[in-house]
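Residue numbering restarts at 1 for every chain, and letters A, B, ... go by the order of the sequence lines. Just so you know, these numbers use all the heavy atoms, side chains as well, and skip hydrogens, waters and symmetry mates.
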Number of protein chains: 2
Amino acid sequence: MANSSTTYDDILACARSLIVNGGYNGFSYADVADVVGIRKASIHHHFPSKVDLVRTLVARYREEAKAGMVNLELQVSEPVEQLRLYVGYWEACIADASAPFCVCALLASQLPVLPEEVGVEVQAHFRYLSEWLTSVLERGARQGQLHLVSTPGDEAETFMATVHGAMLSARAYGDPKIFGAVTGQLLERLTSCFPCDENRESDGRKFYDRDEGSST
Amino acid sequence: MANSSTTYDDILACARSLIVNGGYNGFSYADVADVVGIRKASIHHHFPSKVDLVRTLVARYREEAKAGMVNLELQVSEPVEQLRLYVGYWEACIADASAPFCVCALLASQLPVLPEEVGVEVQAHFRYLSEWLTSVLERGARQGQLHLVSTPGDEAETFMATVHGAMLSARAYGDPKIFGAVTGQLLERLTSCFPCDENRESDGRKFYDRDEGSST
DNA sequence: TATAACCTACCATTTGGTAGGTAGTTTTGT
DNA sequence: ACAAAACTACCTACCAAATGGTAGGTTATA
């Protein structure tokens with residue numbers, strides 16, 4: 001029951017970063033053992049089975065995410081700024097490669113082959129994130145800061161999907177900048193109330209009907 | 001060199017659907033053998049190694065995708081309708097669970113643990129899809145059918161990211177409808193030139209500042 | 001008679017997991 | 001205060017099953 005030892009945390013952290021790279025079947029106890037500098041059997045002492053390890057890891061990830069949202073809401077009160085911080089957090093994680101993907105997003109892609117206990121935890125994260133985004137968007141719309149085209153709930157789903165897709169593209173292209181490009185546009189769309197008139201956050205460029213980056 | 005036998009194709013098709021479920025490390029030769037009704041060693045006759053199998057599979061997938069785009073452009077000439085068909089194709093695949101995820105999108109999520117030969121092929125698909133979307137969006141904007149907020153290239157990246165993210169969410173929620181909800185909104189945004197005035201494809205709902213689905 | 005398409009029977013390695021032991025620290029009974 | 005008991009955190013040494021892959025044989029067909 002004790003989790004005082006740093007080894008316990010090291011195993012979780014190591015497994016997390018390994019999962020971020022290749023998902024549930026993309027790492028083994030041997031991989032973790034090598035990185036942490038411990039023997040394979042010792043991992044079983046802390047986490048009897050792989051399912052235990054990953055379930056714990058995801059549960060902790062979700063707690064951290066929730067804490068992150070709370071902290072974020074304490075830092076800034078404006079919905080727009082909260083979205084900006086949220087996106088900025090990921091932009092930084094991807095840029096410095098410290099956590100170039102959301103653990104739950106990656107695991108969700110493999111949901112059909114995931115142990116059920118892990119899958120449940122992953123799904124819960126999606127619901128939580130969706131609810132949080134819904135509340136932020138709803139508030140932003142009510143305050144007239146955000147311009148929604150659909151319900152806050154649907155907009156939240158689109159927001160989440162776009163962010164996840166942006167992570168995927170950044171990985172596929174091997175270029176962290178793509179994440180910022182996509183999410184920047186996402187925020188731009190939400191904050192510019194009407195395409196015609198500029199509003200406080202516009203950065204100049206607005207309308208295009210001429211291309212710029214199609215070759216290669 | 002011959003690929004006349006249906007077994008060859010069966011193996012590819014089977015492996016594809018297994019990959020769609022759990023990625024590169026989510027299936028084994030034994031899994032394929034079971035489904036195809038063949039012995040493990042026989043797969044090696046057609047595909048010497050797993051890398052061969054998956055590389056071939058992705059290459060073929062890319063060819064099909066390209067053929068699909070060409071076919072799609074033959075069916076409809078309007079950029080907006082082309083996007084609609086593209087999204088509709090995936091909506092159908094997800095709804096009937098025949099191919100609930102893009103092979104390359106799933107593999108891209110595991111790019112760090114993918115054999116290099118496969119990774120290259122996956123990246124090429126992303127570039128191709130991005131270029132195709134860019135050209136469609138650029139043409140749509142020039143014809144005044146689509147309303148872009150950024151460059152066609154950036155808009156294409158956002159479009160692709162959103163579609164991929166929508167696949168992920170549909171999987172995470174275990175609900176195919178979420179894909180249509182997200183992509184529908186994506187198209188809605190692109191086709192409604194100005195949020196205020198309705199245009200030919202509007203389906204009624206436009207502005208919201210009241211929630212609808214936040215509980216649960 | 002060559003070859004394609006399969007097979008059985010292997011193989012080394014890796015997988016997640018167990019059994020049982022040891023050194024060090026805590027807790028406990030007296 | 002202090003030894004016995006209990007527990008934690010690790011270890012070595014296994015295990016069965018699964019992994020991708022090979023060797024070599026059989027059958028049918030071109």
Which of dC7(C), dG16(C), dC11(D) is nearest the side chain of Y29(A)? It is dG16(C)
For dA9(D) and S42(A) - does any side-chain N or O of the residue sit under 4.0 Å from the phosphate oxygens OP1/OP2? no
Base, sugar-phosphate alone, or nothing: which one does F47(B) contact when heavy atoms must sit under 4.0 Å apart? nothing
OP1 or OP2 of dA9(D) less than 4.0 angstrom from a side-chain nitrogen or oxygen of H45(A), does that happen here? yes
Can you measure L53(B) atom CG to dG20(D) atom C1' for me and round it to whole angstrom units? 12 Å
Quick one: do E121(B) and R55(B) make a salt bridge, cutoff under 4.0 Å? no
Decide yes or no, distance alone: a donor-acceptor N/O pair under 3.5 angstrom between the base of dG17(C) and the side-chain of K50(A). no
Give the rounded distance in Å between these two atoms: CZ of R39(B) and P of dG20(D). 17 Å
Basic-acidic side-chain contact under 4.0 Å: E64(A), R60(A): no
Closest non-hydrogen atoms of L106(B) and S109(A), given as atom of the first, atom of the second and distance, are CD1-O, 3.7 Å
With a 4.0 Å cutoff (strictly under), does any side-chain N or O of T7(A) reach OP1 or OP2 of dC10(D)? yes
Look at the side-chain N and O atoms of H46(B) and state whether any lies under 4.0 Å from the OP1 or OP2 oxygen of dC6(C). yes
By the 4.0 Å heavy-atom rule, please label S28(B) as base, sugar-phosphate, or nothing. sugar-phosphate
Among the candidates dT12(D), dT18(C), dT22(D), find the nucleotide nearest to the side-chain atoms of H44(B). dT22(D)
If you only use heavy atoms from C-beta on, which nucleotide in dT18(C), dG20(D), dC10(D) is closest to the side chain of A41(A)? dT18(C)
Could you state the atom-to-atom distance from CD1 of I38(B) to C1' of dT26(D) in whole Å? 15 Å
If we only count heavy atoms from C-beta on, is the Y24(A) to P115(A) side-chain gap below 4.5 Å? yes
Using a strict 4.0 Å threshold on nitrogen-to-oxygen distance, state whether E131(B) and R127(B) make a salt bridge. no
What's the NZ-C1' distance between K40(B) and dA9(C), to the nearest Å? 11 Å
Starting at CG of D34(B) and ending at P of dA18(D), how long is that distance when rounded to a whole Å? 10 Å
